[in-house]
K.L.:
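Questions regarding the structure given below will be posed in turn.
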Amino acid sequence: MGLHLGDTAPDFTAESTDGTINLHEYLGDSWGILFSHPADFTPVCTTELGRVAALKPEFDKRNVKVLGLSVDPLDDHQTWSTDIAETQGTALNFPLIADPDRTVADLYDMVPPAAENNLTVRSVFVIGPDKAIKLMITYPASTGRNFDEILRVIDSLQLTANYQVATPVDWVDGQDVIIVPAVTDEEAVEKFPKGFTPVKPYLRITPQPNR
Ligand code: BEZ
């Protein structure tokens, strides 16, 4: 059976470039992102890992622990990491899991059953402090991910975890948000002291409450 949003992220213990890691212990009370790479020594993955390393301060700012994975052995990861530092200008600064027997990849359905090879797709899982899966995105191997979009979704997830709001199309941190329909107008007056605009009874816009 596949994973769904809200499921507990399957726990595992695996070798990584930073030593043995147990997922749930590694995450502790933090948010987490677990993302897979089809294989080591591949061009798109090399650019992605460099980009995520450069964005590490942005993940840290949001209290998100980063964890990469590919189904190659640890010594390949270690050799490849010198290529990443050399070509992308930023050395790997988060653990990369070595999953040569596909234990983790299978737990997270990262290798499609119809795949003709052992390669994972580009999976992204965002995991909340409660260890529940908050986001799953699957990209094909040929398309490098946009990690600014992943950060944007994390901003939305962290905001909506604390306030009864949802974020509209193309929202970015700092912009107006939508009051969820479960909140009555009377409650909205109390909960959103900056006020709100009732565009329609079901579409009420308010300034971002934590700004
Ligand atoms: C890459 O990371 O460049 C890649 C990996 C597998 C298939 C296609 C591209």
K.L.:
Linking I/L/V/M/F/W/Y whenever any side-chain heavy atoms sit under 4.5 Å apart, do Leu92 and Leu34 land together?
P.N.:
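They do not share one cluster, since no chain of ILVMFWY contacts under 4.5 Å joins Leu92 to Leu34.
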K.L.:
For the residue pair Leu69 and Val104, what are the closest heavy atoms and their distance?
P.N.:
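Scanning both residues completely, I find the closest heavy atoms to be CD1-CG1, 3.4 Å.
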K.L.:
Minimum heavy-atom separation for Gly6 and Ala132, please, with both atom names.
P.N.:
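Where Gly6 meets Ala132 most closely, the heavy atoms are O-CB, 3.8 Å.
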K.L.:
Show, in sequence, the C-alpha distance, side-chain angles and deciding distance for Arg204 and Asp185, and conclude whether the salt bridge (Lys or Arg N to Asp or Glu O under 4.0 Å) test is met.
P.N.:
CA-CA 9 Å; Arg204 295 164 299 170; Asp185 282 352; 2.9 Å; yes
K.L.:
Quick one: are Pro112 and Val121 in side-chain contact, heavy atoms under 4.5 Å?
P.N.:
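The answer is yes, as the side chains (C-beta and beyond) meet within the 4.5 Å cut-off.
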K.L.:
Would you say Lys134 and Leu5 make side-chain contact, with heavy atoms under 4.5 Å?
P.N.:
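They are not in contact (no side-chain heavy atoms under 4.5 Å apart), so the answer is no.
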K.L.:
So does Arg152 get a backbone contact from the side chain of Ser156, meaning a donor-acceptor N/O pair under 3.5 Å?
P.N.:
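Pair absent, no side-chain N/O of Ser156 close to backbone of Arg152.
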K.L.:
Would you kindly confirm whether Phe12 and Ile127 end up in one hydrophobic cluster when ILVMFWY residues are joined by side chain heavy atoms under 4.5 Å apart?
P.N.:
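Yes, Phe12 connects to Ile127 through the hydrophobic network.
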K.L.:
Mind checking whether His37 and Trp80 have parallel, tilted or perpendicular rings, split at 30° and 60°?
P.N.:
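Correct class here is perpendicular.
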K.L.:
Please tell me whether Val183 and Val165 are part of a single hydrophobic cluster in this structure, the criterion being side-chain heavy atoms less than 4.5 Å apart.
P.N.:
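Yes, it is one cluster - the side chains of Val183 and Val165 are joined through contacts under 4.5 Å.
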K.L.:
Identify the heavy atoms of Ser70 and His77 that sit nearest to each other, and give their distance.
P.N.:
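That would be OG-CE1, 3.1 Å.
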K.L.:
Can you confirm whether Pro38 sits close enough to Arg122 that some side-chain heavy atom of one is under 4.5 Å from a side-chain heavy atom of the other?
P.N.:
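Pro38 vs Arg122: side chains touch.
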K.L.:
Output, in order, the C-alpha distance, side-chain angles, deciding distance and verdict of side chain to side chain contact (heavy atoms under 4.5 Å, CB included) for Leu159 and Gln208.
P.N.:
CA-CA 9 Å; Leu159 177 72; Gln208 184 171 325; 4.1 Å; yes
K.L.:
Does anything in residues 100-154 form a ring pair (Phe, Tyr, Trp, His ring centres under 6.0 Å)? List the pairs, not counting sequence neighbours.
P.N.:
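Non-adjacent pairs meeting ring pair (Phe, Tyr, Trp, His ring centres under 6.0 Å): Phe35-Phe147, Tyr108-Phe125.
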K.L.:
Is there a side-chain contact between Trp171 and Ile178 in this structure, where contact means two heavy atoms from C-beta onward sitting under 4.5 Å apart?
P.N.:
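Trp171 vs Ile178: side chains apart.
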K.L.:
Which heavy atom in Gly195 sits nearest to a heavy atom in Thr206, and how many Å separate them?
P.N.:
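Result for this residue pair: O-OG1, 2.7 Å.
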K.L.:
Can Asp173 and Arg211 be said to form a salt bridge (Lys or Arg N to Asp or Glu O under 4.0 Å), step by step?
P.N.:
CA-CA 9 Å; Asp173 189 38; Arg211 281 300 185 95; 2.4 Å; yes
K.L.:
How about Asp170: does its CG atom have over 12 heavy atoms from other parts shown lying under 6.0 Å from it?
P.N.:
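Open.
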K.L.:
Okay, side chain of Glu15, backbone of Leu74: is any donor-acceptor separation there less than 3.5 Å?
P.N.:
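No, Glu15 side chain to Leu74 backbone: no donor-acceptor pair under 3.5 Å.
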K.L.:
Find out whether Ile150 and Ile154 are in side-chain contact, i.e. whether some heavy atom of one side chain is under 4.5 Å from a heavy atom of the other.
P.N.:
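Side chain of Ile150 against side chain of Ile154, heavy atoms only: contact under 4.5 Å found.
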K.L.:
If every non-hydrogen atom of Pro209 is compared with every non-hydrogen atom of Val177, which pair is closest and at what distance?
P.N.:
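Looking at all heavy atoms of both residues, the shortest contact is CD-CG2, 3.9 Å.
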K.L.:
Taking atom CD1 of Ile84 and atom CG of Asp40, what is their separation to the nearest 0.5 Å?
P.N.:
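If we round to the nearest 0.5 Å, Ile84:CD1 and Asp40:CG are 7.5 Å apart.
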K.L.:
Take Leu23 and Leu67 through the side chain to side chain contact (heavy atoms under 4.5 Å, CB included) test and state the conclusion after the steps.
P.N.:
CA-CA 9 Å; Leu23 177 70; Leu67 204 46; 3.5 Å; yes
K.L.:
Counting N and O atoms only, with roles assigned by atom type, does the side chain of Asp176 sit under 3.5 Å from a partner on the main chain of Ile205, one being a donor and the other an acceptor?
P.N.:
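It does not hold such a pair.
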K.L.:
Is any side-chain heavy atom of Ile133 closer than 4.5 Å to a side-chain heavy atom of Leu3?
P.N.:
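SC-SC contact between Ile133 and Leu3 confirmed.
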K.L.:
Is it the case that the side chain of Thr42 and the backbone of Ala39 share a donor-acceptor pair, with hydrogens and angles ignored and the cut-off at 3.5 Å?
P.N.:
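Confirmed, Thr42 side chain pairs with Ala39 backbone.
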K.L.:
With a 3.5 Å distance limit and no angle check, can you tell me whether Asn162 reaches the backbone of Gln158 through a side-chain donor-acceptor pair?
P.N.:
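It does hold such a pair.
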K.L.:
Decide side-chain hydrogen bond (donor to acceptor under 3.5 Å, both in side chains) for Gln78 and Asp76; before the verdict, give the C-alpha distance in whole Å, the side-chain angles of both, and the deciding distance to 0.1 Å.
P.N.:
CA-CA 5 Å; Gln78 276 149 353; Asp76 280 357; over 6 Å; no
K.L.:
Report all side-chain donor-acceptor pairs from residues 24-32 shorter than 3.5 Å, counting only partners two or more places apart or in another chain.
P.N.:
{"unit_1": "His24", "atom_1": "NE2", "unit_2": "Ala9", "atom_2": "O", "d": "2.8"}
{"unit_1": "Tyr26", "atom_1": "OH", "unit_2": "Val66", "atom_2": "O", "d": "2.6"}
{"unit_1": "Ser30", "atom_1": "OG", "unit_2": "Leu27", "atom_2": "O", "d": "3.4"}
{"unit_1": "Ser30", "atom_1": "OG", "unit_2": "Asn63", "atom_2": "OD1", "d": "3.1"}

K.L.:
Quick one: closest heavy-atom pair of Ile97 and Ala14, and the distance?
P.N.:
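Nearest pair, atom of Ile97 first, then Ala14: CG2-CB, 3.7 Å.
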K.L.:
With heavy-atom distances below 4.5 Å as the criterion, would you say the side chains of Leu96 and Leu49 are in contact?
P.N.:
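Yes, side chains in contact.
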K.L.:
Can you measure from CG (Asn93) to OG (Ser81) and round to the nearest 0.5 angstrom?
P.N.:
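Going from CG on Asn93 over to OG on Ser81, the span is 11.0 Å.
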K.L.:
Mind checking the CG-CG spacing from Asp106 to Asp99? Nearest 0.5 Å is all I need.
P.N.:
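It is 7.5 Å, given to the nearest 0.5 Å.
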K.L.:
Is Met110 reachable from Val124 through a run of hydrophobic residues whose side-chain heavy atoms are each under 4.5 Å from the next?
P.N.:
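No, it is not one cluster - the side chains of Val124 and Met110 are not joined through contacts under 4.5 Å.
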K.L.:
Can you give each donor-acceptor pair under 3.5 Å made by side-chain atoms of residues 51-60, sequence neighbours left out, with the distance rounded to 0.1 Å?
P.N.:
{"unit_1": "Arg51", "atom_1": "NH2", "unit_2": "Asp148", "atom_2": "OD1", "d": "3.1"}
{"unit_1": "Arg51", "atom_1": "NH2", "unit_2": "Asp148", "atom_2": "OD2", "d": "3.2"}
{"unit_1": "Lys56", "atom_1": "NZ", "unit_2": "Asp60", "atom_2": "OD1", "d": "3.3"}
{"unit_1": "Lys56", "atom_1": "NZ", "unit_2": "Asp60", "atom_2": "OD2", "d": "3.4"}
{"unit_1": "Glu58", "atom_1": "OE1", "unit_2": "Lys61", "atom_2": "NZ", "d": "3.2"}
{"unit_1": "Glu58", "atom_1": "OE1", "unit_2": "Arg62", "atom_2": "NH1", "d": "2.8"}
{"unit_1": "Glu58", "atom_1": "OE2", "unit_2": "Lys61", "atom_2": "NZ", "d": "3.4"}

K.L.:
Check the hydrophobic clustering (I, L, V, M, F, W, Y; side-chain heavy atoms under 4.5 Å; chains of links allowed) and say if Leu203 and Phe192 are grouped together.
P.N.:
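Looking at the clustering, Phe192 is in a separate group from Leu203.
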K.L.:
If you round to the nearest 0.5 Å, how far is CD1 of Ile137 from CD of Glu149?
P.N.:
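Rounded to the nearest 0.5 Å, the CD-CD1 separation comes out at 6.0 Å.
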K.L.:
Dump the intermediate steps for side-chain hydrogen bond (donor to acceptor under 3.5 Å, both in side chains) on Ser16 and Asp18, then the final yes or no.
P.N.:
CA-CA 5 Å; Ser16 84; Asp18 287 6; 5.2 Å; no
K.L.:
Give a yes-or-no answer on whether the side chains of Asn22 and Asp11 include a donor-acceptor pair shorter than 3.5 Å.
P.N.:
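Asp11 and Asn22 do have a side-chain donor-acceptor pair below 3.5 Å.
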